[in-house]
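Some notes on the structure that comes next.
First the proteins, then the strands, lettered A, B, ... as listed; each starts at 1. If you're wondering where the values come from, they're calculated on a predicted model, not measured in any experiment.
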Amino acid sequence: MSLPVRVRFAPSPTGYLHIGGARTALFNWLFARHHGGTFVLRIEDTDTARNSQAAIDVILQGMRWLGLDWDEGPATPDPDGPSRGDRGPYFQSRRGEWYRRRIAELRDRGLAYDRDGAVYFRMTREAVTIPDMIVGDVRRELTDREQADPDWVLVRSDGQPVFHLVNVVDDLEMGITHVIRGEDHLSNTAKHIALFRAFGVEPPRYAHIPLILNPDGSKMSKRDKGAVVTNYIEDGYAPEAVVNYLSLLGWSPADGKELLSVAELVGRFDLDRVNRSPARFDEKKLAALHFEHARAMEPGRFVEVGREYLARAGVLTGGHDPAYGAAALMTAREKGLLFRELAAFVGFYFKADEEMEVPAEVQAKALGALQRQHLGVLRSAYERLDASGFTAAALEAELKRVAGELGVKAGALTQPARAACTGSLVGPSLYHLMEVLGPGRVRSRMGRWAAGDGVDGGKPT
RNA sequence: GGCGCGUUCGUCUAUCGGCUAGGACAUAGCCCUCUCAAGGCUGAAAGACGGGUUCGAUUCCCGUACGCGCUACCA
């Protein structure tokens with residue numbers, strides 16, 4: 001590993017970024033970052049009919065969301081747009097000249113020939129040994145078909161070069177030193193090695209990583225749950241959690257630590273600890289890692305991301321003091337929710353008091369006649385707290401004092417209070433939520449339901 | 001069919017011949033508790049099968065079974 005490391009991720013723009021592809025990209029990226037190498041993104045936009053700029057953008061967005069920045073590659077989805085790096089073009093559709101030149105080279109040297117309008121490669125007739133950094137030396141014997149005719153198509157009769165050719169030429173021209181890719185390419189690697197040799201160069205080092213399977217062991221396709229990166233963005237997973245989870249599929253750190261930041265992953269990741277067996281996708285474990293990462297998020301970022309997802313869900317926070325919004329969001333940080341679930345959990349903070357709705361089943365459980373009387377007593381007690389005393393600790397102490405006076409358990413007061421303040425029976429810590437809401441909102445919301453406190457009469461509207 | 005890769009708790013994994021087989025998620029019970037979570041404690045749970053090699057195999061070799069991949073003028 002004396003040469004500077006150059007690795008690449010070469011997705012085909014199919015309209016989505018597959019989770020397996022994301023994991024391949026991640027392993028390449030981690031390897032590059034760990035070794036101080038270069039990570040190249042190149043787009044294999046061969047199928048012009050299917051590859052729109054929108055499809056390319058899905059990949060770029062997914063990569064950016066995961067934090068997998070590329071040192072060389074396109075800056076925009078436009079194949080003719082700007083890019084970084086001097087080994088481009090980074091779109092296959094703009095590399096036709098490379099392939100033409102290489103095909104001519106092979107033909108001149110008698111290693112390729114025409115048959116039925118296509119160009120064929122004169123493949124070696126012997127078994128090929130594939131040295132793999134993960135699987136070890138793999139000796140690939142010829143299959144029965146290859147025994148009959150080992151040659152294979154380089155350029156189709158319509159003039160399009162096939163994957164094996166473009167892949168090898170691209171890696172060669174771009175100076176790729178390590179090819180880290182899915183194990184589904186292992187068998188094909190014999191062809192690639194033969195091609196590199198035909199061009200008179202040593203092939204790069206190969207590392208075939210095990211595939212990601214569905215929970216039932218079948219191969220993941222784009223229709224399978226959890227297969228598409230865009231879904232994780234929409235569901236509101238923390239990207240660092242997705243990265244952490246994917247890193248653990250087929251790899252594990254020597255110290256056994258599982259909850260790892262991106263920086264920790266970069267420090268620990270290497271190919272020698274990648275295992276050889278396929279892994280099944282487990283959404284529960286991903287979710288567990290998300291909760292850990294969300295909890296560990298720096299508050300400012302948690303609030304920023306939270307706001308974004310609230311906005312997506314139509315919860316408007318703009319009319320409120322930013323500090324209020326931040327405090328509101330922070331009461332949900334410990335709750336282990338996906339960002340998408342935040343809107344339902346903290347939406348009540350941002351509703352006007354008059355717009356608060358309490359569903360019938362919540363009323364039935366928490367706002368019966370007796371409970372509303374209790375609520376009235378509690379509300380009166382809270383009236384007596386001055387504004388600076390409206391803290392979670394004081395609200396809790398006062399509620400418990402009132403409960404003692406009434407001879408009921410705390411729960412007899414907390415649930416009516418929660419229902420009146422939030423319209424729900426589940427939510428953030430009641431005392432903290434009331435502190436954030438503040439005396440005005442708490443009094444008003446409780447007032448709509450409180451009975452017998454002599455203040456508002458307590459008749460709901 | 002041929003070629004290749006794989007096989008440790010339900011799942012992800014640790015183990016580089018000595019293991020009472022460890023951890024995490026999930027799961028069961030208990031504790032804590034204002035709801036939901038979280039947290040704490042405890043528990044159940046694994047080496048596909050059969051042969052070798054070895055004083056000793058989860059670890060090495062062979063076979064079988066099963067799973068997956070490749071076998072295209074798809075990528």
Mind checking A/F291 for me? I need base, sugar-phosphate or nothing, with any heavy atom below 4.0 Å counting as a touch. nothing
For A/N275, which contact category applies under a 4.0 Å heavy-atom criterion: base, sugar-phosphate, or nothing? sugar-phosphate
Please determine, for the side chain of A/K285, which listed nucleotide (B/C73, B/C36, B/G23) has the closest atom? B/G23
Please confirm whether the shortest side-chain N or O distance from A/R115 to OP1 or OP2 of B/C73 is below 4.0 Å. no
Kindly point out which of B/G39, B/U13, B/A75 is positioned nearest to the side chain of A/A279? B/U13
Considering only heavy side-chain atoms of A/V138, the closest of B/U35, B/A26, B/C5 is B/C5
Scan A/K335 against the nucleic acid and name what it touches under 4.0 Å (heavy atoms): base, sugar-phosphate only, or nothing. base
P gap between B/G18 and B/U58, integer Å: 11 Å
Rounded to whole Å, NZ of A/K365 lies from P of B/C36 at a distance of 11 Å
Take the protein atom CG of A/L211 and the nucleotide atom P of B/U7, then report the distance between them rounded to whole Å. 13 Å
What integer number of Å spans the P atoms of B/G47 and B/U7? 15 Å
Here the distance between atom P of B/C36 and atom OH of A/Y431, to the nearest Å, is 14 Å
Give one of base, sugar-phosphate or nothing for A/G427, where a contact means two heavy atoms less than 4.0 Å apart. base
Out of B/C34, B/C73, B/C12, which nucleotide sits closest to the side chain of A/L248? B/C12
Between CD of A/E292 and C1' of B/C12 the distance, given in whole Å, is 16 Å
Looking for any heavy atom pair under 4.0 Å, which part of the strands does A/R280 touch: base, sugar-phosphate only, or nothing? sugar-phosphate
Please report the distance separating the P of B/A28 from the corresponding atom of B/G10, rounded so that it comes out in whole Å. 16 Å
Tell me, yes or no, whether the heavy-atom count around A/E361 atom CD, taken from other residues, nucleotides or ligands under 6.0 Å, exceeds 12. yes
Set out, in order, the CA-CA distance, both residues' side-chain angles and the distance that settles salt bridge (Lys or Arg N to Asp or Glu O under 4.0 Å) for A/E405 and A/R401, then state yes or no. CA-CA 6 Å; A/E405 271 183 11; A/R401 191 188 62 73; 2.5 Å; yes
Find the partner of B/G39: check Watson-Crick (N1-N3 plus N6-O4 or O6-N4) and G-U wobble (N1-O2, O6-N3) distances, both under 3.5 Å, and reply none if neither fits. B/C31
Would you say A/R156 places a side-chain N or O within less than 4.0 Å of OP1 or OP2 belonging to B/A75? yes
Heavy atoms from C-beta onward define the side chain here; which of B/A75, B/A24, B/C73 lies closest to that of A/S157? B/C73
Please pick, from B/A75, B/C73, B/G4, the nucleotide with the shortest atom-to-atom distance to any side-chain atom of A/V153. B/C73
Do A/R418 and B/C34 share a donor-acceptor pair, side chain to base, under 3.5 Å? yes
Under 4.0 Å, heavy atoms only, any strand: does A/P428 hit a base, just the sugar-phosphate, or nothing? base
Over all strands shown, is A/E141 touching base, sugar-phosphate only, or nothing at heavy-atom distances under 4.0 angstrom? sugar-phosphate
Taken to the nearest 0.5 Å, the spacing of A/I19 CD1 from A/L26 CG works out to 10.0 Å
P atom, B/A45 versus B/G4: distance in rounded Å? 40 Å
With a 3.5 Å limit on both atom pairs, tell me what B/G63 is paired to, counting Watson-Crick and G-U wobble, or say none. B/C49
Counting only N and O atoms by type, is there a donor-acceptor contact under 3.5 Å from the side chain of A/H34 to the main-chain atoms of A/L30? no
Scan every strand shown for a Watson-Crick or G-U wobble partner of B/G1, both distances under 3.5 Å, and answer none if you come up empty. B/U71
A/E126, CD: over 12 other non-hydrogen atoms inside 6.0 angstrom: no
If you measure from the C1' atom in B/C34 to the same atom in B/U27, how many Å do you get, rounded? 27 Å
Please tell me which of the listed nucleotides, B/C25, B/U71, B/C68, lies nearest to the side chain of A/T143? B/U71
Closest of B/G1, B/U11, B/G4 to the A/D282 side chain is B/U11
So what does A/N188 hit on the nucleic acid, given a heavy-atom distance under 4.0 Å: a base, only sugar-phosphate, or nothing? base
Taking a pair to mean Watson-Crick or G-U wobble geometry with both distances below 3.5 Å, B/C25 pairs with B/G10
So, are A/E173 and A/R101 salt-bridged, with charged N and O less than 4.0 Å apart? yes
For B/A57, the nucleotide meeting Watson-Crick or G-U wobble distances (both under 3.5 Å) is none
Among residues 389-400 of chain A, which contact RNA chain B at a heavy-atom distance under 4.0 Å? A/K400
Take the protein atom CG of A/D184 and the nucleotide atom P of B/G69, then report the distance between them rounded to whole Å. 9 Å
C1' spacing across the pair B/G50 / B/U13, given as an integer number of angstrom: 27 Å
Using 0.5 Å steps for rounding, measure from the CZ atom of A/R8 to the OH atom of A/Y90. 13.5 Å
How long is the gap from OH on A/Y245 to NE2 on A/H290, to the nearest 0.5 Å? 15.0 Å
Let me know, please, whether A/S277 or A/F345 comes out on the 5' side of the other along RNA chain B by nearest nucleotide. A/S277
RNA chain B: 5'-proximal contact among A/V135 and A/L425 (nearest heavy atom): A/V135
With a cut-off of 6.0 Å (strictly less than), are more than 12 heavy atoms of other residues, nucleotides or ligands near NE2 of A/H432? no
Just checking A/R333: base, sugar-phosphate only, or nothing, at a heavy-atom cut-off of under 4.0 Å? nothing
Report which part of the nucleic acid A/S429 touches: base, sugar-phosphate, or nothing (heavy-atom distance under 4.0 Å, all strands). base
Touch check for A/F281, heavy atoms < 4.0 angstrom, all strands: base, sugar-phosphate only, or nothing? nothing
A/E183 has a side chain; which of B/C5, B/A75, B/G23 sits nearest to it? B/C5
Please work out if A/H164 contacts a base, only the sugar-phosphate, or nothing of the nucleic acid, heavy-atom cut-off 4.0 Å. base
When the distance from CH2 of A/W251 to P of B/U13 is rounded to whole Å, what number comes out? 12 Å
Could you tell me the separation between the NE2 atom of A/H18 and the P atom of B/A75, rounded to a whole number of Å? 18 Å
Using the C1' atom in both, what is the distance from B/A14 to B/A24, to the nearest Å? 11 Å
Any base atoms under 4.0 Å from A/G250, or only sugar-phosphate, or nothing? Heavy atoms, all strands. sugar-phosphate
Expressed as a whole number of angstroms, how long is the span from A/H432:NE2 to B/C34:P? 13 Å
Out of B/U11, B/C70, B/C12, which nucleotide sits closest to the side chain of A/L249? B/C12
When the C1' atoms of B/C66 and B/G52 are compared, how many Å lie between them, rounded to an integer? 22 Å
Is any side-chain N of the basic residue among A/R6 and A/D171 closer than 4.0 Å to the acidic one's carboxylate O? no
Taking NZ, NE, NH1 and NH2 as the nitrogens, is one of them in A/R125 or A/D151 under 4.0 Å from a carboxylate oxygen of the other? yes
Is the NZ or CZ atom of A/R273 both under 6.0 Å from the centre of the six-membered ring of A/F269 and within 45° of that ring's axis? no
